[in-house]
There are 2 protein chains.
Amino acid sequence: MVDSAARPKRRADAERSIARIVAAARELLSSDPNAKTDDIARAAGVGRMTLYGHFATRAELIDAAFVEALRAGDAVLSSVDLGGNARDAMARLLDSSWQVVAESAALLAAAEEVLPAGRVRELHEEPVRRMTELIRRGQDQGVFRTDMPLDWLVNVVHYILHGAASEVRAGRLAPSRAADVVTRSVQSVLACP
Amino acid sequence: MVDSAARPKRRADAERSIARIVAAARELLSSDPNAKTDDIARAAGVGRMTLYGHFATRAELIDAAFVEALRAGDAVLSSVDLGGNARDAMARLLDSSWQVVAESAALLAAAEEVLPAGRVRELHEEPVRRMTELIRRGQDQGVFRTDMPLDWLVNVVHYILHGAASEVRAGRLAPSRAADVVTRSVQSVLACP
DNA sequence: TCTAACGCGTACGCGTATGTACGAGTTATA
DNA sequence: TATAACTCGTACATACGCGTACGCGTTAGA
């Protein structure tokens with residue numbers, strides 16, 4: 001179940017079931033991090049036993065859903081043009097990141113609850129690396145500040161992103177304004193003081 | 001159990017037990033939001049049945065612990081001088097807020113899980129009001145920006161505060177540097193662009 | 001000193017969710 | 001078409017945690 005390439009002996013219908021289960025898991029866990037395996041199986045249109053045939057534990061299932069969400073997110077973010085002025089590139093990256101983060105916020109919470117902390121960070125490696133590199137480039141260009149640790153700058157961007165997602169979910173921030181306030185806030189934090 | 005003044009017929013030893021239970025709840029829930037009532041009773045040095053004698057449900061206990069934490073926090077924050085230049089006042093307020101928030105982050109998570117959302121916001125009314133007023137004053141003085149909703153500005157401060165607390169807890173940010181990066185980050189977000 | 005309030009242990013009931021065992025029917029694929 | 005893989009239902013074993021019932025010993029406080 002770890003990787004589709006790891007077990008080439010799987011039948012086509014099994015492959016299909018797994019895909020549906022993972023998709024259902026992403027869907028449900030993205031709105032309720034406490035969604036039960038039973039609900040997920042039902043939503044996937046398979047029996048609970050079929051699910052357990054492919055995922056030995058709940059944690060394994062969440063891991064798979066999380067990996068899939070990260071993969072999908074990476075597909076979006078890797079297509080963003082990060083060239084040219086770092087400030088402009090950041091605006092473009094945030095614009096895409098915003099939706100990705102908002103969509104999977106609850107799923108992230110579920111993953112953090114059942115997966116070892118190292119695993120979560122390991123899977124976030126790529127998006128973190130992307131953001132880190134961009135900020136570093138901005139520092140080299142002289143448009144981003146250097147008076148705080150680079151790690152903190154990366155993280156504060158994440159916290160603002162997730163914060164905006166929470167506000168939207170709670171109905172206290174209009175979705176249409178979210179991208180704007182996120183961009184303004186982040187650019188202010190990153191700009192040279 | 002709601003208020004110490006509500007039932008004047010309580011005996012002194014009961015009063016003492018309740019205080020110890022609430023203190024233990026604050027202590028344990030502040031490091032693990034999933035702490036069990038059993039653990040809390042044991043930590044308080046009372047039997048589980050004694051605990052249930054004073055708090056009918058787990059939610060009621062968490063509410064009491066949360067109220068107590070807010071009360072303690074308010075005692076600290078209300079002593080901060082918010083006069084003069086808003087920018088300087090914000091620095092002072094953040095300096096005190098930082099520890100208060102870090103201490104009770106997990107307890108807040110526990111409260112958000114079992115208490116109705118309205119209750120959590122209701123109890124946060126005072127600290128939110130304090131921060132809101134200060135930012136508004138800064139806007140009037142012309143030192144804080146006005147190009148984003150006031151609510152968002154208040155919330156982004158909270159998210160940065162809680163973010164820093166998470167980083168410290170995870171060992172990725174030195175506690176000694178936390179206050180500094182929080183202040184720098186918040187001031188940058190609030191400053192006129 | 002008397003009594004209601006309190007402390008507290010044991011045992012129980014209950015709901016929920018995870019994961020297992022068995023077994024029979026169905027379907028992909030060599 | 002043979003067979004191994006897959007689906008999936010029922011039933012079961014467990015574990016956990018909340019909250020209750022009962023009951024007896026202790027203590028505060030009028």
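Quick caveat: nothing in here was measured; it's all calculated off a predicted structure. All chains are named by letter (A, B, ...) in the order of the sequence lines, taking the proteins before the strands, and each is independently numbered beginning at 1.
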What is the distance, to the nearest angstrom, from the [atom1] atom on [X] to the [atom2] atom on [N]?
X	N	atom1	atom2	answer
A/Leu29	C/dA17	CG	C1'	15 Å
A/Ile21	D/dC6	CD1	P	12 Å
A/Arg42	D/dT7	CZ	P	18 Å
A/Arg16	C/dT27	CZ	C1'	10 Å
B/Asp39	D/dC18	CG	P	9 Å
B/Arg10	D/dA30	CZ	P	16 Å
A/Phe55	D/dC6	CZ	P	13 Å
A/Asn34	D/dC16	CG	C1'	15 Å

OP1 or OP2 of C/dC6 under 4.0 Å from side-chain N/O of B/Arg11: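 No, outside the criterion.
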Counting only side-chain N and O atoms of A/His54, is one of them less than 4.0 Å from OP1 or OP2 of D/dC6? no
First encountered from the 5' end of DNA chain D, between B/Tyr52 and A/Val46: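 Final value for this comparison: A/Val46.
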Assign each of A/Ser17 and B/Asp38 to its nearest nucleotide of DNA chain D by heavy atoms, then name whichever residue's nucleotide is nearer the 5' end.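 That would be A/Ser17.
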Nearest to side-chain heavy atoms of [X], which nucleotide of [options]:
X	options	answer
B/Thr57	C/dT18, D/dA28, D/dG19	D/dG19
A/Met49	C/dT29, C/dA21, D/dG29	C/dA21
B/Asp13	C/dC6, D/dT7, C/dT20	C/dC6

Same apolar cluster (I L V M F W Y, side chains within < 4.5 Å links), A/Leu173/A/Tyr159: no
Please determine whether residues B/Val186 and B/Val143 belong to a single hydrophobic cluster, defined as Ile, Leu, Val, Met, Phe, Trp and Tyr linked transitively by side-chain heavy-atom distances below 4.5 Å. yes
Reported CG-to-OG distance for the pair A/Leu51 and A/Ser17, which is rounded to 0.5 angstrom: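 Nearest 0.5 Å value for the CG-OG distance: 10.0 Å.
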Sort out for me which residue in A/Arg177, A/Arg184, A/Glu167 forms a side chain to side chain contact (heavy atoms under 4.5 Å, CB included) with B/Trp152. A/Glu167
Side-chain donor or acceptor of B/Arg48 under 3.5 Å from a matching atom on the base of D/dG17?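 It does not, because no donor-acceptor pair links the side chain of B/Arg48 to the base of D/dG17 below 3.5 Å.
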Can you give me the closest heavy-atom contact between A/Leu77 and A/Ser96, atom names plus distance?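 Nearest pair, atom of A/Leu77 first, then A/Ser96: CD2-CB, 3.8 Å.
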